[in-house]
Each structure stands twice: as structure tokens, then as C-alpha cells.
**Student:** 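Sharing a structure with you now.
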Amino acid sequence: MTAHALLLDELRDICGDAQVLTADLDVEAYSTDWKNSVRGQPLCVVRPANTAEVSAVVKACNRHRVPIVPQGGNTGLAAGATPGPDGEEVVLSLLRMKAIRDLDPVGMTVEVEAGAIVQTVKEEAERRGRLLPVSLAAEGSAMVGGIVSTNAGGINVLRYGMTRALVLGLEVVLADGTVVDGLRHLRKDNAGYDWKQLFIGAEGTLGIITAAVLRLAPIPRESVTALLSIADVETALKLFALAQDHVGEALSAFELISATSLGLVEKHAGLKSPIASGDWYLLVEASSSLSGLQPAMEKLLEAAFEQGLALDGVVASSRQQTQALWALREHVTEAEAREGGGLKHDISVPLRTMADFLVEAGKAVTAICPSAAFNVFGHLGDGNLHYNVLMNGAKEQAAVNRAVHDAVVRHRGSISAEHGIGQYRLGEWLRTKPESEQLLARAVKQAIDPGGMFNPGKLFPATLKGDAA
Ligand code: FAD
Ligand code: MLT
Ligand code: ZN
């Protein structure tokens, strides 16, 4: 019997025959990323039911020196959950571990298994009068382990922070199968290194997250959403300052959408903006547990018109209208995928240089690919835009990628604000990240996963010493 066959038998003993998938048709959905840009071939997909089974699976894989690719909802946009092409890695799917173990509405915490769907946890929190303040268009499929492992952002980072800001405790399984139980419902804990921070945003390269304790928030009683059209990004930044002045800490979303993005949404999703006339649009939301937001938002709009910042604008006056405005934003990613040819970037730069960045990057891209179109949208309030270039020439894509990231580096920005490095940005991470920071990252990998059991070829090249077995 080969080593792989022995391992498969052991995995079947641990999880049951039905939870170890090997047939091409069965592993298909686990073998490619959401964008369908990278295709892998796992040795098998294993679906443990609980932390003890995860630990036993990791121990077995470690004994046979077969690396593991952790996978949640597989909605990641960096191909981080996609196995390599050689049938040498086990995909460990968390999808059966979805229990909401404990929800405390007074302490405002929820303890939940890694495979729980984000939307399901949000719905349960809402039923108990609390908010899980993470919001992204993929939340109907993304899982808790996935958002923690990517440190996901989304549209409410402005108000509540990235996923990292919500994580109070983690349970993780290390490469030797040790279960580290850090599931504390504490807001304050300075007893030694805060080790959980290493696993947040680690993209499955250090261990398997099996459960998390997340912070909840009060449900805002009032929420007001407005869509404005504007002429340019400098104006958007002026409006951002104005919004801070008018609604302050209640500002929960400040999203920029280009007219090109709205055009794609209209073309592929049949949704049309209720206002027109700008090259750019802003979707602004304020929410609060106290009342009185509607007049504050109306004053903001008045001031925006008086100061000549807004060309047109609308404030949603019903839940239905609010949903319709947000649908315009939420459909951009899918519309871009249908259009095809989208070269994704997930950049952040300091807000004060965002307009300069856009000019520089635009010139550089056009010089390489004169026919390129720009599907730019995203979380302007966080200094994070999805600067996506619509182009057909696969040959020029690498050059465009580099040109955009060079502009990012000039502005001391980041080549990934929220999606992560995975496989998609590995080359660019190695090219642009300062050596000293890469060395620190490698030191962490070596310390926690010295045998390279977890997610080879993601964040680090698979050939890194001590990486893939
Ligand atoms: P997966 O895709 O399964 O995995 C992502 C990474 O985490 C992989 O490296 C994987 O190995 C690792 N991983 C997964 N589970 C575990 C675990 N339990 N333990 C260890 N490692 C694990 N992202 C944003 O940040 N903001 C957005 O606004 C946003 N919007 C999106 C909209 C759409 C339409 C789509 C398709 C994606 C969007 N994303 C967004 C990207 C994606 O939804 C997030 O990255 C999400 O956090 C991924 O969760 P997942 O469960 O699907 O993880
Ligand atoms: C978003 O903000 O909608 C997401 O991060 C998805 C994307 O970049 O396409
Ligand atoms: Zn985003």
C-alpha cells in the first residue's frame, strides 16, 4: 500500500468514509478559487466534524508528511484556499463545524465554530438583539474561520474595524495536532503575548482555526443611507471630511463607486442607479443607537450641494430603497466577473494621496495598455480601493500589475488591504515587501510551522526551507 493510500485509510477511520472525498466530481468545487483563476488537484478533501477530528487529521497528515490546505467558504479572492496542482495536499474543509456554541448578549460576545456561515451568525446575533459588525457581499458563503484567517474587511470597517478588531479568542490546531484553547470572552487580557493575532490574517499558513470568540455590538436603531454623484476623487475626500463633521462616529460606510462599475452592474445585473451625471458615486451610511440621524444626514447633503461638492444625491427613505442602493455596490464584483478580463487590485494608500495615486497609476496602466478600462470601487473611507483593470491582453497583465503596485509602494501603501496574498499576489509580495519584514514573517512561519504542514505556496514560496515537506 502506498503512503497516500495509508493516509486516506487513516482519514476515513477518523472522519468516516463519506467525509473523505477523492472522486474528481466530488473534489471539483474545492479545487478552484471563486474567480476560477487557479485550479488545483487535492489528494483528497477531508471534512472533520469537530476539533478532536481536526487534531487527529492533522496528526495523521503530519506523520505522512502531507501538507494541509484549510478551506472555509472558498470565497477568498487570493486563491489562498486552492490546493497545488500535483495531488500532494489534503484540503481540510471546515464546513461541518458550524455550531454557534454560546452567545452572550450582555457581555456582547459569540463563541462559534470556524465553519459557521457569517450570515447565519449575524442572523442569530440579530435574533438576540445584537450585531455582528462585519459586512461583505460574500457573507452568505464566507465562514468565520475564513474571515478570521483573511482578516476580512468589508463595508463597515470605518466604524467597527477589520475582523481582527472583533476577535477576542481563538481555538487553533497546530502542526503536531496540539489544540490551543484560547477561547476567552475577555476584552482585556495582557497576560503574555497575544498569540491569536498571529493566526488572524495568516491565510491558513500557521494552523487550523477551529473556533473563535467574536465581539458583538448593539444593533443601531437608526441607519441612513445616501447615494451622491460627484465629479472627481478630490471632491470625494472633501465630502469625507464633511461627513465626519456632520455625523462623526456614526459614519459607518463611505464607499466609492466609479461610473464604469455602475455600468457593469446595470449591464450584468439589470440594476440602475436612481441618480446619474457623475464620473464617480459615493454610497454613504451613518448608523446609531440613538435617534436624530436623518436630519443630520439631510444637513450633510445640503452642505454638500451648497459647497458645490455633490452633483446629485438621494437619501433612502425606506428599507427597500436602502437595500436597492446597497445592491448597486454589492453586485460590482459579480458583474465584473461576468464581464471578464478583470485584473484585480486591492490597494490602500494614505487618504491624502489617493487622488495622486489614481492619476499616477492610471497613466502608467494606459501607457502599457491603451485600451484598458478601469473598474474602480471600494472602501474609500478606509483608504482601500479595488483598482481593477479591465483588459484582454494576458501578456500585458504582469506589467500592469507591477505598474499599479509600484505606484502603491511610492505612496507607502499596501498591495493588499483586505484580500490577502494567497497565491494570487505572492510574486508581487516578494517583489515589493521590504526584506526585513519578509524575514520577520519567515521567522514566524519557521517558529510555528517548521515542517511546512500548512498551506504551502501561499504567502511564502513552497520551496522555502522548512515549508512544504
Ligand atoms: P476561504 O476562501 O475558504 O479561505 C480564505 C483563506 O483562509 C485561505 O487562505 C484558507 O486557507 C484560509 N482559511 C479558511 N478557513 C480557515 C480556517 N478555519 N483555519 C485556517 N485557515 C483558514 N473580502 C473582504 O475583505 N472584504 C470584502 O468586502 C469582500 N467582499 C467580497 C465579495 C465577494 C462577492 C466575494 C466573492 C469575496 C469577497 N471578499 C471580501 C473576499 C472573501 O469573501 C473573504 O476573504 C472571506 O474572508 C473569505 O472567507 P471564506 O470562508 O470563503 O475563506
Ligand atoms: C468588495 O469590496 O466588494 C470586495 O472586496 C470584492 C472585490 O474586491 O471584488
Ligand atoms: Zn472590498
Side-chain angles (χ1 to χ4, degrees), residues 29-30 32-36 48 51 54 58 67-83 89 91-95 97-98 112-119 134-157 162-164 170-173 199-212 253 255-257 261 264 283 326 329-337 342 344-348 375-380 382 384-388 416-424 449 454-459:
Y30 303 84
T32 185
D33 66 321
W34 186 87
K35 289 182 294 172
N36 223 347
T51 303
V54 172
V58 173
I68 294 172
V69 180
Q71 193 175 100
N74 204 13
T75 67
L77 295 173
T82 311
E89 295 162 16
V91 169
L92 190 155
S93 167
L94 278 299
L95 98 174
M97 294 180 57
K98 48 183 175 218
V112 63
E113 290 183 351
I117 302 284
V118 173
Q119 188 176 309
V134 58
S135 190
L136 56 162
E139 66 193 35
S141 307
M143 296 176 185
V144 165
I147 62 164
V148 174
S149 296
T150 56
N151 185 26
I155 56 170
N156 290 146
V157 169
M162 303 280 281
T163 299
R164 185 182 300 281
L170 287 183
E171 178 185 78
V172 300
V173 175
F199 291 83
I200 303 168
E203 302 185 53
T205 59
L206 298 179
I208 312 275
I209 293 171
T210 43
E255 297 283 309
L256 183 75
I257 317 174
S261 311
L264 291 175
L283 195 51
W326 274 110
R329 168 65 182 86
E330 282 158 5
H331 278 82
V332 177
T333 304
E334 215 156 314
E336 180 190 275
K344 277 186 175 293
H345 299 100
D346 172 35
I347 63 95
S348 60
N375 178 31
V376 178
F377 64 98
H379 322 286
L380 183 67
D382 308 326
N384 169 205
L385 291 183
H386 301 303
Y387 187 83
N388 299 347
S416 180
E418 57 174 14
H419 296 161
I421 301 301
Q423 303 184 57
Y424 190 61
D449 181 24
F454 294 118
N455 231 356
K458 323 290 166 48
L459 203 48

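All ligand and atom numbering here is 1-based and tracks the order in the structure. All figures in this text were calculated on a predicted structure; none of them were measured in a lab.
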**Student:** Side chain to side chain donor-acceptor pair (under 3.5 Å): which pairs involve residues 136-153, sequence neighbours left out?
**Tutor:**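 Listed by first then second residue: Lys122-Glu139.
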
**Student:** Identify whether the distance between the nearest side-chain nitrogen and carboxylate oxygen of Arg329 and Glu255 falls below 4.0 Å.
**Tutor:** yes

**Student:** Around ligand 2, what residues show up once you keep those with a heavy atom under 4.0 Å from it?
**Tutor:** Leu77, Arg329, Thr333, Lys344, Phe377, His379, His386, Glu418, His419

**Student:** Is the backbone of Ile421 close enough, under 3.5 Å, to the side chain of Glu203 for a donor and an acceptor to pair up by distance?
**Tutor:**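 At least one qualifying donor-acceptor pair exists.
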
**Student:** Around ligand 1, what residues show up once you keep those with a heavy atom under 4.0 Å from it?
**Tutor:** Trp34, Pro70, Gln71, Gly72, Gly73, Asn74, Thr75, Gly76, Leu77, Gly80, Ala81, Leu94, Ala114, Leu136, Ala137, Ala138, Ala142, Met143, Gly145, Gly146, Ile147, Ser149, Thr150, Ala152, Gly153, Gly154, Glu203, Gly204, Gly207, Ile208, Ile209, Thr333, His379, Glu418, His419, Asn455

**Student:** Determine whether Ile117 and Lys98 make a side-chain contact, defined as any pair of heavy atoms from C-beta on separated by less than 4.5 Å.
**Tutor:** no

**Student:** Near the Zn ion (ligand 3), which protein N/O/S atoms are found at less than 2.8 Å?
**Tutor:**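 Short answer, with waters excluded from the count: His379 NE2, His386 NE2, Glu418 OE2.
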
**Student:** Is there a donor-acceptor pair closer than 3.5 Å between any side-chain N or O of Asn74 and the backbone N or O of Thr32?
**Tutor:**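 Judged by distance alone, yes, a pair lies under 3.5 Å.
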
**Student:** If the test is side-chain contact (heavy atoms from CB on, under 4.5 Å), which one of Thr163, Asn384, Asp382 qualifies with Val157?
**Tutor:**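 Result: among Thr163, Asn384, Asp382, Asp382 is the only option passing the side-chain contact (heavy atoms from CB on, under 4.5 Å) with Val157.
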
**Student:** Quick check: are there more than 12 heavy atoms from other residues, nucleotides or ligands sitting under 6.0 Å from CD of Glu334?
**Tutor:**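 At most 12 heavy atoms, drawn from other residues, nucleotides or ligands, come within 6.0 Å of this atom.
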
**Student:** To the nearest 0.5 Å, tell me how far Leu77 CG sits from Asp346 CG.
**Tutor:** 8.5 Å

**Student:** Can you tell me how far apart CG (Asn156) and CG (Leu136) are? Round to the nearest 0.5 Å.
**Tutor:** 10.0 Å

**Student:** Taking all non-hydrogen atoms of both residues, which atom of Ser93 and which atom of Pro48 are closest, and how far apart?
**Tutor:**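 Reported closest heavy-atom pair: O-CD, 3.6 Å.
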
**Student:** Taking the six-membered ring for Trp, are Tyr387 and His345 parallel (under 30°), tilted (30 to 60°) or perpendicular (over 60°)?
**Tutor:** tilted

**Student:** With side chains defined as the heavy atoms from C-beta onward, is the minimum distance between Ile209 and Leu94 less than 4.5 Å?
**Tutor:** no

**Student:** Could you walk me through whether Thr205 and Asn455 pass side-chain hydrogen bond (donor to acceptor under 3.5 Å, both in side chains), step by step?
**Tutor:** CA-CA 5 Å; Thr205 59; Asn455 231 356; over 6 Å; no

